[in-house]
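Convention: sequence-line order gives letters A, B, ...; per-chain numbering from 1. As the structure is a computational prediction, the values presented were derived from the model and not from experiment.
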Number of protein chains: 2
Amino acid sequence: MGLRERKKERTRAELQRHALRLFRDHGYAATTVDDIAAAAEVSRSTFFRYFPTKEDVVLFDDVDPVMEGVAAELPAGTPLLEAVRLIVRGGFGSLDDEARALEEVRMELARSVPEIAAILRERNSFGVEQIAGMVSRGIGRPTDDPEVLLFAGVVVGARYAALARIHAGAASSYIDELDAMLSRLVAGIPLADEPIRAPRPDPARSRA
Amino acid sequence: MGLRERKKERTRAELQRHALRLFRDHGYAATTVDDIAAAAEVSRSTFFRYFPTKEDVVLFDDVDPVMEGVAAELPAGTPLLEAVRLIVRGGFGSLDDEARALEEVRMELARSVPEIAAILRERNSFGVEQIAGMVSRGIGRPTDDPEVLLFAGVVVGARYAALARIHAGAASSYIDELDAMLSRLVAGIPLADEPIRAPRPDPARSRA
DNA sequence: AATTCTTTTGACACTCAGTACCACTTGAGG
DNA sequence: CCTCAAGTGGTACTGAGTGTCAAAAGAATT
């Protein structure tokens with residue numbers, strides 16, 4: 001690998017490192033792209049050459065490709081939901097220390113900085129379409145099959161649940177929490193048949 | 001209701017009407033706030049007094065409070081998942097013509113303009129926390145209960161699945177599609193036990 | 001009807017994200 | 001070396017969004 005490539009890699013890592021640090025210390029909105037560029041000792045132009053938007057510096061992530069690798073090595077016949085669990089666990093499990101640390105910082109940010117939580121919720125790793133694509137390949141059905149999409153939606157929902165749990169301060173490890181959520185799903189949708197109780201006389205009706 | 005109030009209401013409606021029209025005709029990004037303000041014959045400042053951001057002019061929505069009303073009138077003992085279905089259906093069903101038309105335009109926009117699709121996916125109506133709150137009230141468990149959050153996540157996931165289906169052009173009515181997704185969920189998570197097939201030798205490995 | 005009070009409004013100036021362009025530097029390879 | 005392409009920094013621009021302020025207009029009171 002040439003000097004050029006190494007330099008590029010180093011610059012991107014520096015930009016991301018400083019960006020995450022600044023976001024953590026001063027907040028997302030209060031940190032300008034200029035600040036990040038200055039901290040990494042490059043120009044504003046260079047920042048945008050590496051990351052198309054300010055958001056992307058948070059989103060850049062290394063687990064996706066790993067998960068695809070894990071998926072490719074699962075034995076045929078594994079039940080789909082179980083497969084998803086294994087892929088997720090495997091994907092996060094096989095990160096090297098640095099990548100894992102980055103992932104930790106990112107989740108810490110998601111917990112403490114609301115803007116970043118929103119960004120991650122929306123764009124990080126897996127959206128419905130992405131998972132639907134994997135499922136589609138895994139069981140040989142079209143990506144726009146309603147059941148495929150619904151399954152994908154449920155998985156994404158489990159992820160949101162895990163993030164919400166962390167956001168509420170009721171859990172700390174994103175990976176473990178997501179795994180727990182997926183495990184629960186194996187037993188079906190929780191509370192689906194739970195009877196609702198009589199509505200209270202409306203404690204404080206307000207528009208959120 | 002005073003004259004003042006009526007004028008205010010009319011201005012907001014005008015702004016939203018023109019904004020949606022311009023978005024539909026020229027795209028979201030290509031339409032500036034100045035364009036919208038000019039079309040509605042008010043100043044830029046005025047636009048921002050009515051809608052804090054450009055996004056909000058799309059998001060402004062009237063179904064939420066209606067759904068809360070429907071929720072309050074369900075008989076005690078209704079199974080939770082069924083209750084959610086009824087609330088959703090009831091909420092959309094009881095819109096007056098104008099509100100329903102607006103909802104249609106909004107969904108049409110979501111289908112044709114990707115930026116708006118993203119915005120709606122992220123911020124419209126119900127997030128996990130919101131649904132978890134409703135569930136929490138409905139069955140009397142804390143909002144950060146993992147099962148409550150997971151259930152809420154699953155419902156949100158069903159919604160994403162419906163949106164994805166529309167986005168793919170495989171469905172046209174958002175309301176019907178969401179209702180269909182929720183109905184499917186009553187029978188459990190589809191495909192959960194579907195065995196995956198042997199992985200293909202990887203057709204085109206690429207980073208999305 | 002005139003006056004006072006409150007809210008709306010338009011105008012201006014500002015910051016910051018994001019884009020486009022161009023001139024300059026530097027690594028790669030003959 | 002010397003050339004070429006890639007990467008970099010600077011400059012100038014558009015548009016979103018914020019803050020301020022003085023003028024205008026509705027509402028309320030006398």
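The backbone N or O of Asp144(A) sits less than 3.5 Å from a side-chain atom of Arg165(B), completing a donor-acceptor pair.
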Show every donor-acceptor pair shorter than 3.5 Å between a side-chain atom in residues 35-44 of chain B and any protein atom, with sequence neighbours excluded, or say none if there are none.
| unit_1 | atom_1 | unit_2 | atom_2 | d |
| --- | --- | --- | --- | --- |
| Asp35(B) | OD1 | Thr32(B) | OG1 | 3.3 |
| Asp35(B) | OD2 | Thr32(B) | N | 3.1 |
| Asp35(B) | OD2 | Thr32(B) | OG1 | 3.3 |
| Ser43(B) | OG | Ser45(B) | N | 3.4 |
| Ser43(B) | OG | Thr46(B) | N | 3.2 |
| Ser43(B) | OG | Thr46(B) | OG1 | 3.1 |

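The salt bridge (Lys or Arg N to Asp or Glu O under 4.0 Å) search around Arg21(A) returns none, not counting sequence neighbours. In terms of the salt bridge (Lys or Arg N to Asp or Glu O under 4.0 Å) criterion, Glu194(B) has no residue partners (sequence neighbours excluded). Among residues two or more places apart in sequence or in another chain, the ring pair (Phe, Tyr, Trp, His ring centres under 6.0 Å) test is passed with Phe151(A) by none. Partners of Phe47(B) under the ring pair (Phe, Tyr, Trp, His ring centres under 6.0 Å) rule, at least two apart in sequence or in another chain, are Phe51(B). Annotation: ring pair (Phe, Tyr, Trp, His ring centres under 6.0 Å) contacts of Tyr28(B) (sequence neighbours excluded): Phe23(B). Every residue two or more places apart in sequence or in another chain that forms a salt bridge (Lys or Arg N to Asp or Glu O under 4.0 Å) with Arg85(A) is listed here: Glu82(A), Asp179(A).
One can place CG of Leu15(B) at 14 Å from P of dT8(C), the figure rounded to the nearest angstrom. As rounded to whole Å, 12 Å separates atom P of dT8(D) from atom CZ of Arg12(A). Going from atom CZ of Phe51(A) over to atom P of dG18(C) covers 13 Å, rounded to whole Å.
For the OP1/OP2 pair of dT8(D) and a distance below 4.0 Å, the side-chain nitrogens and oxygens of Tyr50(A) include at least one atom meeting the criterion.
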With the sugar-phosphate defined as primed atoms, P, OP1 and OP2, and the base as all remaining atoms, what B/S/- string results for nucleotides 9-21 of chain D, 5' to 3', for protein heavy atoms under 4.0 Å?
BB----SSBB---

I need a per-nucleotide contact map over nucleotides 25-30 of chain C, read 5' to 3'. Cutoff is protein heavy atoms under 4.0 Å; write B for the base, S for backbone only, - otherwise.
-BBS--

